[in-house]
Colleague: 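Quick one: structure below, then a few questions.
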Amino acid sequence: MESETPAKRQRSAKDVPYKLVYWPGIPGRGEHIRLALEEAGADYSDTEGGVDEVLASIQDSGDEFNPPVLAPPVLKHGELTISQTPNILLYLGPRLGLVPDANQNPDGIYRVNSLALTALDGLSNEPHDCHHPIATGLYYEDQKVESKRKSEDYVKNRLPKFLSYFERVLGSKSSGDGPWLYGGSLTYADLVLFHCVDGVKFMFPKAMAKLEQGGKHTKVFALHQAVGERPRIAAYLKSSRRQKYSDGIYRYYEALDIEP
């Protein structure tokens, strides 16, 4: 009988559904991973044990191969446990067909990842800092004055800067034909940008409406629409699996709903 090699054991260990662990009730940083799994039609489970499961995951001491994780999202796949949204997407991308074929474009995955990281920097992390500019441990009500000042600068300077960057990417040769960011095909960077734009539209509706009407970022808003119309994504957005915006990264406060 042929002995089982380490490679065979690894493959068999990964031939199981994905498991995502993230704070229940908010899209947050876990949403980017959900969108990738949903677009690919992957077999996965979301957090089923509520907050207790999240706390157990981040308090786990790890094992010989898996270090303890600091915070969700956490992806478990076979014997693998990893965290950090862009790291999880980097892992899932080749497995879900959401990066260029490595045989044809071996460096494509890193170009896609740089686009995803840029979107997360300017259209996820910075919006979060608009309602928590001083400390994440303080309530928004404890830093309202500073939040208003931060949001005014973000809406006037930072938001147009990042939208203009992605408009430039979408108009570049590397984008290829169609509405996608790289290589003429949908990648996980497009899904990341979709959720970022969607979240900022929720958080700053007046600013995003004005920027959309201004006509300088038509390709960005067209990408947002194109992703939302993809069959599996459209079905997901209408389902109960799509969690509503609340007290996560993207929050709506009337005082911060300002125009550029």
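Residue indices begin at 1 and follow the sequence shown. Not measured: the values here are computed from a predicted model.
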Colleague: Locate the shortest heavy-atom distance separating Tyr154 from Pro127; write the atom from each residue and the value.
Modeller: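 Reported closest heavy-atom pair: OH-CG, 3.4 Å.
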
Colleague: Using the side chain to side chain contact (heavy atoms under 4.5 Å, CB included) criterion, which residues pair with Ser239? Sequence neighbours excluded.
Modeller: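 Checked Ser239 against side chain to side chain contact (heavy atoms under 4.5 Å, CB included); matches are Tyr236, Arg241.
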
Colleague: Is there a side-chain contact between Leu75 and Ser83 (heavy atoms, below 4.5 Å)?
Modeller: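 SC-SC contact between Leu75 and Ser83 ruled out.
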
Colleague: Got a donor-acceptor contact below 3.5 angstrom from the Asn113 side chain to the Leu90 backbone?
Modeller: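 Between the backbone of Leu90 and the side chain of Asn113 there is no qualifying donor-acceptor contact (under 3.5 Å).
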
Colleague: Would you say Gln84 has more than 12 foreign heavy atoms packed within less than 6.0 Å of its CD?
Modeller: no

Colleague: Honestly curious: do Tyr110 and Leu186 fall in one hydrophobic cluster under the side-chain, below-4.5 Å linking rule?
Modeller: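 Yes, Tyr110 connects to Leu186 through the hydrophobic network.
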
Colleague: If the condition is side chain to side chain contact (heavy atoms under 4.5 Å, CB included), which residues does Ser124 pass it with, not counting sequence neighbours?
Modeller: Leu120, Cys196, Ile249, Tyr250

Colleague: Between Val197 and Leu223, does the side chain to side chain contact (heavy atoms under 4.5 Å, CB included) criterion hold? Intermediate values first, please.
Modeller: CA-CA 10 Å; Val197 170; Leu223 180 147; over 6 Å; no

Colleague: Between Asp190 (side chain) and Val227 (backbone), is there a donor-acceptor pair under 3.5 Å?
Modeller: no

Colleague: Kindly give the heavy-atom pair with the smallest separation between Ala226 and Pro179, and that separation in Å.
Modeller: CB-CG, 4.1 Å

Colleague: State, yes or no, whether a side-chain contact exists between Pro68 and Asp60 at a heavy-atom distance under 4.5 Å.
Modeller: no

Colleague: Donor-acceptor pair, Arg158 side chain versus Asp153 backbone, under 3.5 Å?
Modeller: no

Colleague: Report, as yes or no, whether the 6.0 Å neighbourhood of atom CG on Asp177 holds more than 12 heavy atoms from other residues, nucleotides or ligands.
Modeller: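 For Asp177, atom CG is not crowded (no more than 12 foreign heavy atoms under 6.0 Å).
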
Colleague: Is there a side-chain contact between Lys150 and His131, using heavy atoms and a 4.5 Å cut-off?
Modeller: no

Colleague: Looking just at side-chain N and O atoms, do Glu38 and Tyr44 make a donor-acceptor pair shorter than 3.5 Å?
Modeller: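 On atom types as modelled, these side chains qualify, holding a pair under 3.5 Å.
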
Colleague: Under the rule for side chain to side chain donor-acceptor pair (under 3.5 Å), what residues qualify as partners of Tyr182, not counting sequence neighbours?
Modeller: Asn105, Arg111

Colleague: Could you go through Met208 and Leu163, starting from their C-alpha distance and side-chain angles, then the distance that decides it, and tell me whether this counts as side chain to side chain contact (heavy atoms under 4.5 Å, CB included)?
Modeller: CA-CA 10 Å; Met208 288 294 274; Leu163 293 181; 4.2 Å; yes

Colleague: Spell out, yes or no, whether Ile88 and Leu117 are grouped together once hydrophobic residues are joined by side-chain heavy atoms under 4.5 Å, including indirect joins.
Modeller: no

Colleague: Linking I/L/V/M/F/W/Y whenever their side-chain heavy atoms sit closer than 4.5 Å, directly or via other members, would Leu80 and Ile33 fall into one cluster?
Modeller: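 They do share one cluster, since a chain of ILVMFWY contacts under 4.5 Å joins Leu80 to Ile33.
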
Colleague: In sequence, state the C-alpha distance, the side-chain angles, and the governing distance for Leu35 and His195, and then conclude on side chain to side chain contact (heavy atoms under 4.5 Å, CB included).
Modeller: CA-CA 8 Å; Leu35 287 168; His195 182 56; 3.7 Å; yes

Colleague: For Ile233, does its backbone N or O pair with a side-chain atom of Glu39 as donor and acceptor, under 3.5 Å?
Modeller: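 Absent.
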
Colleague: For Glu126 and Gly122, indicate whether the former's side chain and the latter's backbone hold a donor-acceptor pair under 3.5 Å.
Modeller: no

Colleague: For His77 and Tyr91, which I'm curious about, is there any donor-acceptor pair between the side chains at under 3.5 Å?
Modeller: yes

Colleague: In Å and rounded to the nearest 0.5 Å, what is the OG1 to CG distance from Thr47 to Asp52?
Modeller: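 One gets 11.5 Å once the value is rounded to the nearest 0.5 Å.
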
Colleague: Does a side chain donor of either Asp257 or Tyr252 reach within less than 3.5 Å of an acceptor in the other side chain?
Modeller: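 Yes - a donor-acceptor pair under 3.5 Å links their side chains.
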
Colleague: Decide salt bridge (charged side-chain N to carboxylate O under 4.0 Å, His left out) for Lys206 and Glu259; before the verdict, give the C-alpha distance in whole Å, the side-chain angles of both, and the deciding distance to 0.1 Å.
Modeller: CA-CA 6 Å; Lys206 290 181 181 178; Glu259 295 185 9; 6.0 Å; no

Colleague: Taking side chain as C-beta onward, heavy atoms only, is Leu170 less than 4.5 Å from Leu181?
Modeller: yes

Colleague: Between Arg242 and Asp198 (salt bridge meaning N to carboxylate O under 4.0 Å), is one present in this structure?
Modeller: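 Salt bridge flag = yes for Asp198 with Arg242.
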
Colleague: Do Val200 and Leu237 land in one hydrophobic cluster if side-chain heavy atoms of ILVMFWY residues count as linked below 4.5 Å?
Modeller: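 Per the 4.5 Å side-chain linkage, Val200 and Leu237 are co-clustered.
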
Colleague: What's the spacing between Leu89 CG and Thr85 OG1 if we round to 0.5 Å?
Modeller: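 Here the interatomic distance stands at 6.5 Å.
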
Colleague: Minimum heavy-atom separation for Met203 to Arg251, with atom names?
Modeller: CG-O, 3.0 Å

Colleague: Just jot down the side chain to side chain donor-acceptor pair (under 3.5 Å) partners of His217, sequence neighbours excluded, or say none.
Modeller: Ser164

Colleague: Indicate yes or no for a side-chain donor-acceptor contact from Thr187 to the backbone of Val99 under 3.5 Å, with no hydrogens or angles considered.
Modeller: no

Colleague: Go through the structure and list residues passing side chain to side chain contact (heavy atoms under 4.5 Å, CB included) with Asn125, not counting sequence neighbours.
Modeller: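 Residues passing side chain to side chain contact (heavy atoms under 4.5 Å, CB included) with Asn125: Arg29, Asp121.
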
Colleague: Under the 3.5 angstrom rule, does the side chain of Gln143 hit a backbone N or O of Ile134 as a donor-acceptor pair?
Modeller: yes

Colleague: Tell me whether Asp43 contacts the main-chain N or O of Pro17 through its side chain, where contact means a donor paired with an acceptor under 3.5 Å.
Modeller: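 No, the answer is negative, given that no donor and acceptor are paired below the 3.5 Å cut-off.
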
Colleague: Closest approach of Val169 and Ser172, non-hydrogen atoms and distance?
Modeller: O-OG, 2.6 Å

Colleague: Regarding Tyr140 and Asp247, is there a side-chain donor-to-acceptor distance under 3.5 Å anywhere?
Modeller: no

Colleague: Would you call Ile109 and Pro94 a side-chain contact if the rule is heavy atoms closer than 4.5 Å?
Modeller: yes

Colleague: How close do Gly78 and Val16 get, heavy atom to heavy atom, and via which atoms?
Modeller: N-CG2, 3.5 Å

Colleague: Between Gln243 (side chain) and Pro24 (backbone), is there a donor-acceptor pair under 3.5 Å?
Modeller: no

Colleague: Got Pro27 and His32 here, is their nearest side-chain heavy-atom distance under 4.5 Å?
Modeller: no

Colleague: In the hydrophobic clustering (ILVMFWY, side-chain contacts below 4.5 Å, transitive), which residues join Tyr22, or is it alone?
Modeller: Val21, Trp23, Ile26, Val51, Val54, Leu55, Ile58, Val69, Val74

Colleague: Using modelled atom types and a 3.5 Å cut-off, is there a donor and acceptor pairing between side-chain atoms of Glu167 and backbone atoms of Lys219?
Modeller: yes

Colleague: So, for Gly199 and Tyr245, which heavy atoms are closest and what is the spacing to 0.1 Å?
Modeller: N-OH, 3.3 Å

Colleague: So, Glu31 and Arg34, do they make that salt bridge, N to O below 4.0 Å?
Modeller: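 Looking at Arg34 together with Glu31, the answer is yes, because their closest N to O distance falls below 4.0 Å.
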
Colleague: Under 30°, 30 to 60°, or over 60°: which ring-plane class applies to His132 and His128, parallel, tilted or perpendicular?
Modeller: parallel

Colleague: Are Ser151 and Phe204 side-chain neighbours, meaning at least one heavy-atom pair lies under 4.5 Å?
Modeller: yes

Colleague: Pair Lys148, Leu256 - check side chain to side chain contact (heavy atoms under 4.5 Å, CB included), show working.
Modeller: CA-CA 6 Å; Lys148 181 70 176 294; Leu256 305 184; 4.3 Å; yes

Colleague: Give, for atom CZ of Phe202 and atom NZ of Lys244, the distance between the pair rounded to the nearest 0.5 Å.
Modeller: 10.5 Å

Colleague: Is any side-chain heavy atom of Ser175 less than 4.5 Å from a side-chain heavy atom of Trp180?
Modeller: no

